[in-house]
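In each ligand, atom 1 is the first atom listed, and ligand 1 is the first ligand listed.
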Amino acid sequence: MQKNIALIYGDCSSPEIVAQAVRVLDKIAAKHGHTFTYTRAYMGGEAIDKFGDPLPPSELNTCLAADSVLLGAVGGPKWEGLPGEKRPEKGLLRLRAGMGLYSNNRPAKIWPQLAQASPLKESIVAKGIDFIVVRELIGGVYFGEHKTETVNGEQRATDSMCYAEHEIERIGRIGFETAQKRRKNLTCVDKANVLDTSRLWRAVMHRLQAEYPDVTYREMFVDNAAMQICKDPSQFDVIVTENMFGDILSDEASEITGSIGMVPSSSLGEGTRGLYEPIHGSAPDIAGKDIVNPTACILSAAMMLRYSFGLAAEADEMEAAVSAVLDAGLRTADIWQPGCEKIGCTAMGDAILARL
Ligand code: IPM
Ligand code: MG
């Protein structure tokens, strides 16, 4: 198989993890007779430095022309003072929208080797943590009107949240279909006691529910969901939710599995071209020290093979190599625990490569 992958190296410590993911992709390609070529695209802080724009049209076009896109993470203190439109994060939002990626899939699964790293009590972890947050990615408050104005002598800011039925329906279907492939249990998370958008979500979800009678469906307010995720995460199989609730809950979900440094994500729309990225940020505090955990980025590359290229066996091998490294007691600093060997980013890449 021949595929072209657009690579966005990203900011701060992000280039270090993308470099390791590329090594792993090259090894798996050589082993299975595939050819992966790479085209570099600039987005976020690096694009601001190079072009004065977090996502110039040329860079979006590079991504649209590729078979899929692998990203590290963007942002950092260097660009923090910039106005909203010019911030690195805006590049990411424009990339997601420009590629039509409405469905973001963030798995929260405990690695048995890391169970002790979970901040939750052993008795809670023992019940199992294995769910997916299906987050709507290109609508809601992230993409509503943003404005700051002066009213009656003071500043007033507005961010509006808006959802149309078709935007809810297409992500709702992904929620039901994801549940059908798993334990057939779907929770729609919202704030229907306060928000009109949430009430519309419920109305659309009720219509869809009739089409998926094999899925057990329920609704939960987001404040309660935040509580239930730390109280008893074993009750969740698939969560479907709007953009901002999904942003918040997926960070919580990743943390209870032991480390945000282990969690990959896929973003897809119509068709197979996706954007694959770790859910963590660019970790500016540890940039350039070769200590960042490359695992989430490597697992994101595995997701790309599985979901965009249909290479399930290759993805399985990459995930098994990660698991074998954990079995061997090798840990980056974020997941280190007494009795394990602490290694850096490149050494983590080496260790995974050695098990492929
Ligand atoms: C994420 C991040 C982004 C988001 C930021 C960087 C804009 O937190 O992917 O979860 O809020 O979507
Ligand atoms: Mg986030």
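Counting backbone and side-chain atoms alike, D251 contributes no N/O/S atom closer than 2.8 Å to the Mg ion (ligand 2).
Shown in contact with E89 at under 4.0 Å from a heavy atom are these atoms of ligand 1, numbered in order with element: 6 (C), 7 (C). The ligand atoms of ligand 1 that sit less than 4.0 angstrom from a heavy atom of Y142 are 4 (C), 11 (O), 12 (O). Listed by number with element, the atoms of ligand 1 under 4.0 Å from a non-hydrogen atom of R96 are 1 (C), 4 (C), 9 (O), 12 (O). Each of the following atoms of ligand 1 lies closer than 4.0 Å to a heavy atom of R135: 1 (C), 4 (C), 9 (O), 10 (O), 11 (O), 12 (O).
Side-chain contact check for Q228 and D232: no donor-acceptor pair (N or O, by modelled atom type) lies under 3.5 Å.
At a 4.0 Å cut-off, not a single heavy atom of K90 sits close enough to ligand 1 to count as contact.
Pairing each heavy atom of A6 with each of T62, the nearest pair is CB-O, 4.3 Å. Here the closest heavy-atom approach between residue I260 and residue A296 is recorded as O-CB, 4.4 Å.
For the pair R135 and F245, the cation-pi test (distance below 6.0 Å, angle within 45°) is failed.
Using a distance-only test at 3.5 Å, with no hydrogens or angles considered, no donor-acceptor pair links the side chain of S282 to the main chain of C12.
Checking each of L120, I256, V125, D130 against I110 for a side-chain contact (heavy atoms from CB on, under 4.5 Å) leaves exactly one that passes, namely V125.
Aromatic ring centres of F176 and Y217 lie closer together than 6.0 Å.
Of all protein heavy atoms, the one lying nearest to atom 2 (C) of ligand 1 is D247 OD1, 4.0 Å. The nearest protein atom to atom 1 (C) of ligand 1, hydrogens excluded, is given as R106 NH2, 3.4 Å; this is a heavy-atom distance.
The name of the N, O or S atom in D247 nearest to the Mg ion (ligand 2) is OD1.
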